[in-house]
Asks: 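Before anything else, here's the structure in question.
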Amino acid sequence: MKRYCLILVLYLISSSRADISNKYFPESFQFGAAGAAYQIEGGWNEDGKGENIWDHFLHYNVSGKVVDDSNGDVACDSYHKWQEDVDNLKQLGVKLYRFSISWSRILPDGTPYQVNQKGIDYYLNLIKALKQNGIEPVITLYHWDLPQHLSEFGGWLNPQISDYFAAYARICFENFGPYVKYWTTINEPLSTCVIGYAQGLHAPGYYLIDGGMYQCAYVSLLAHAKAWHIYDEEFRAQQGGKVGISLACGAQLPFDPNSAQDQEAAERNYQMGCGWVGNPIYFGNWPQVMIDRIAAKSKQDNYPFSRLPEFTQEEIEFIKGTNDFLPLNYYTSALVQYADEWTGAPSYWLDINVQTFANESWPKSASDWLTSYPEGLRILLNRINKDYNPGEIIIAENGWSDNGELDDQGRLTYIQAHLSAILESILEDGVNVSGYTVWSLMDNFEWAEGYTQRFGIIKVDFDDPQRTRTWKSSAKYYQNVVATRCLLDQCQ
Ligand code: PNW
């Protein structure tokens, strides 16, 4: 059935799209798909899994935290249906599957004291099935689901959590490392630090807008670096894999390209977003503009210290250069406008102090933060390549939300245009992008948006206890791209 649909897809894609590259992807380029544990697995309390912060956040005082009052207790039920997931990946023809390990599934309270063998077995089975089908696992150790016990210990605000994370990472390297070439320590620390520890909209739900996100980022970076050093010293020689931390970035464009103030504002927004994690990882310290502004604003607001934690010289040396490859998440970009200095309670937003917009011409998704600007990805890749020289880059997330339609032309067009931007970056700009894992393999639990915004190339019926999976138009299109290495019906 799926094969016959290819013919239809080929017919539907016009070969005359001038903006889409008609070149072939290099043979070495690997296509893939992505997901994350809490968003897909379900099985929240099965076979010895412990409670994590999302379980806790949504099992108590749930109302209002998620728009449809849903949770990830069952989600896509991938805890039971992982073989079908592998089968879909195989049908798609992809060579990479990016997924995350649920920390509390293998260490129920997060500590190394008790290892849950059933949790280890779940991931071993998945990994082995992937390898048997020629699919490389790309594993994220932390995609926002901290064991609840460790959250009560202070979570990402407590520097000692970095030691717990390092111990967890070592257990993963020991058990899964022989089969894994790509590890991501933490998925986009800033998203969870800002949304979970400053806005309070994600677990653990803290509203600490003056400094929660800075302390959380500091502890996350220490945790990443400890895990990287463990891999480097104890596992790299035998296992030969790569370890990185993912960045979520977009191009930040001056609202008025001729305005020096808007240029400065756009640069500041880039540094205090992308550079917040990128600079420490590649250069050892926060961006200077971030250090200076937060120090000055802290002083103004009567803090006798900066709200941005200071790295010691030892920490700088320890964190610097700890990305073997760059897993980069790109969704959208922004136009940035200078604003006069605002007054108000100290916060991350007042520290940055800029206005951001989407261009009116950029197509809108079902998520208010997500519009489509594929050129932004090419601009970003060039910038990152020049500033950080990261070696290998994998686009670890890129995707589009809608209301779940099967004929998802909006997603198809988004994926096509972004792959085209990547291809041009590779062929024309010489950026080493080696792979792409589309977000997402299937519809899943979209955090505070519950099941109302869909990112999957495969539909999941959440009303059906079987959680039936159905291919959307974008999955059929992607299958064809993977098979032909061409975004149009013909390439040269
Ligand atoms: C990602 N941005 O977060 C998450 O990793 C996924 O779990 C999530 O389902 C997906 O986005 C869709 O929301 C993002 O700065 C973090 O543009 C930051 C950005 C976008 C998405």
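Start at 1 and go down the list; that is how both ligands and their atoms are numbered. Atoms considered below: every heavy atom in the structure, side chains included; atoms not considered: hydrogens, waters and symmetry mates. Treat the numbers as computed from the prediction; the structure is a model and nothing was measured. Positions are given from 1, in the same order as the sequence printed here.
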Asks: Cation-pi between R268 and Y338: NZ/CZ under 6.0 Å from ring centre and within 45° of the ring axis?
Replies: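 Here R268 fails the 6.0 Å and 45° test against Y338.
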
Asks: Determine whether the aromatic ring centres of Y164 and F153 lie less than 6.0 Å apart.
Replies: yes

Asks: Run the ring-ring contact (aromatic ring centres under 6.0 Å, His included) test on H143 and W439 for me, step by step, so that the C-alpha distance in whole Å, both residues' side-chain angles and the decisive distance to 0.1 Å come before the verdict.
Replies: CA-CA 14 Å; H143 201 122; W439 187 271; 5.8 Å; yes

Asks: Give a yes or no on whether K90 atom NZ has more than 12 heavy-atom contacts from other residues, nucleotides or ligands under 6.0 Å away.
Replies: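 Check fails, neighbour count at 12 or below.
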
Asks: With a 4.0 angstrom cut-off on heavy atoms, strictly below it, pick out the residues next to ligand 1 and order them by chain and number.
Replies: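 Lining ligand 1 at under 4.0 Å, by heavy atoms, one finds Q39, H143, W144, N187, E188, S191, A248, Y331, W369, E397, W439, E446, W447, F455.
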
Asks: Assert yes or no for the condition that the ring centre distance of Y214 to W276 is strictly below 6.0 Å.
Replies: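 Yes, the ring centres sit under 6.0 Å apart.
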
Asks: Indicate, with yes or no, if the rings of W44 and Y79 have centres closer together than 6.0 Å.
Replies: no

